[in-house]
Amino acid sequence: MAKLDKNFLWGGALAANQFEGGYDQGGKGLSVHDVMTAGEHGKAREITETIEDDKFYPNHDGIDFYNRYKEDIALFGEMGLKCLRTSIAWTRIFPNGDETEPNEEGLQFYDNIIDELLKYNIEPVLTLSHFEMPLHLAREYGGFRNRKVVDYFVRFAETVFNRYKDKVKYWMTFNEINNQMDTSNPIFLWTNSGVTLAEDEDPEEVLYQVAHNELIASALAVSKGKEINPDFIIGNMISHVPIYPYSCNPNDIMEAEIANRLRFFFPDVQVRGYYPGYALKMFEKNGYDIKWQEGDDEILKNGTVEYIAFSYYMSTVVKHDEVTSVEDNVVNGGLPNSVKNPYIKESQWGWAIDPVGLRYTLNVLYNRYQLPLFIVENGFGTTDEFKEDGTIDDQERIDYLREHIKASIQAVDEDGVDLMGYTPWGIIDIVSFTTGEMKKRYGLIHVDRDNEGNGTLKRTKKNSFYWFNNVIKTNGEEL
Ligand code: BG6
């Protein structure tokens, strides 16, 4: 018997802001990403006030999918993808965010994309917001600090739900809604919620107010979506970097248990429909005054998600008596006391490579929530070299993906986890989120573009393209 269901959603994952380009085409407004410069490993991206002439903004052009989508989708079809996870740029539909009428040209663009995908029998899986808040809402309203932004988000969600209700079944609300728990890196609050912090503010208190508003926005979107089409399947999307205890010292175990709340706070609310006790206790102890409106309890209760989508790239470790500086801490979602795992190697960008951690994550999430899971991001960001014959032998990427797929199949086949699908991140090379680089490549299709924006944008299939095609054809039997 096949280990995976015959309808298993093998696919690829992308985000509008990282690959579409066309940042000022089709009536699109500026988004929070359009004022982010390129950084590199160890050098943070800068968020500028406006677009400055002497700075480079890699998301403006992405990989020019906006103008090349037919060619790219044909390649996805050839790879055999059964689904494509991408996002709708909020700013194509409501350029400033607070308009009452949507931008028809933006809606038409996604009609074209969806129709093109369906032509190749590729199921669209859409994220409503993948770090794409209109810049106007961030600057003029303070992003999700402001409850009005909830209404604007819901208007956007309803507009796209209505428009695509007969063509799209799978949705998710906010991408990696929980990565902003890491307030040490300003880009997370900015990209997720359009929020910047004043120096005298307590980042944690701001975060929880923002979180509340965003959780309300997510729950309202789920309820509205189900009203518009009861057959929609709507999930949330979290980043899961499991936090291991450094040792069997009970203090390390407890440290990890507490730290893992950073991962679970958002999904605990989105799945259960109410706040977990540890959060309420923390608000009380810290004297946080989180503003609730009448009816919020009901909204959360009525807007729970039907599946959990998550990204998995790596794991991390905490040691109760260790103190590391944020600068030294290379691990994404870095914690003040995280240390390197001596059993695990890391990528060039310092991301720990841990396939067992994916099986562990699938078990932890499934046991905690008993909802279907969807791995909507996983992959290996690295540089690629062309061989003399013009091919790209990306064996390291294949090895990474193979081991993670094996671990996922084990979770299904041995542990009984309900897994809907697997969509490797950046199925075609795109702009990196954290660094803005092009050379941190995840793609199974190469794009000729460098960190400075030079290159012909030519697409070339890597060896992993053919390998993944066979994985899909054999439904994971041949890895
Ligand atoms: C996730 C995001 O954090 O990881 C993606 O949802 C992102 O947008 C991906 O691109 C990989 O991160 P990076 O920084 O290597 O692009």
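Order of appearance sets the numbers: ligands from 1, and atoms from 1 within every ligand. Here, residue 1 is the first one in the sequence, and each next residue gets the next number.
Under the 6.0 Å distance and 45° angle rule, Arg368 counts as a cation-pi partner of Phe264.
Between Glu78 and Lys461 there is a salt bridge, since at least one side-chain N of the basic residue sits less than 4.0 Å from a carboxylate O of the acidic one. In this structure, Arg449 does not pair ionically with Asp64, as no charged nitrogen and carboxylate oxygen lie closer than 4.0 Å.
Here Asn175 has side-chain heavy atoms under 4.0 Å from ligand 1, and that is the only part of it that gets that close. If you look at Trp351 next to ligand 1, the close heavy atoms, those under 4.0 Å, all belong to the side chain.
Those atoms of ligand 1 that come under 4.0 Å of a heavy atom in Glu176, given as number and element, are 1 (C), 2 (C), 3 (O), 6 (O). Atoms of ligand 1 lying under 4.0 Å from any heavy atom of Tyr313, numbered from 1 in the order shown and given with element: 4 (O), 9 (C), 11 (C). Short contacts between ligand 1 and Ser432, defined as distances under 4.0 Å to a heavy atom of the residue, involve ligand atoms 13 (P), 14 (O), 15 (O), 16 (O).
Geometrically, ligand 1 and Tyr442 share a nitrogen or oxygen pair separated by less than 3.5 Å. Ligand 1 has an N or O atom lying under 3.5 Å from an N or O atom of His130, backbone or side chain.
Under the 6.0 Å cut-off for aromatic ring centres, Trp171 and Phe161 qualify, their centroids lying closer than that.
Within the 4.5 Å cutoff, the side chain of Arg263 has heavy atoms near those of the Val241 side chain.
Under the side chain to side chain contact (heavy atoms under 4.5 Å, CB included) criterion, Lys55 pairs with Thr37, Glu46, Thr48, Glu52, Tyr57, not counting sequence neighbours.
Ranked by closest heavy atom to atom 5 (C) of ligand 1, the top entry among Trp425, Trp349, Phe380 is Trp425. When the heavy-atom distances from atom 4 (O) of ligand 1 to Glu377, Arg45, Met237 are ranked, the shortest goes to Glu377.
Residues Phe232 and Val168 share a closest heavy-atom pair of CE2-O, 3.2 Å.
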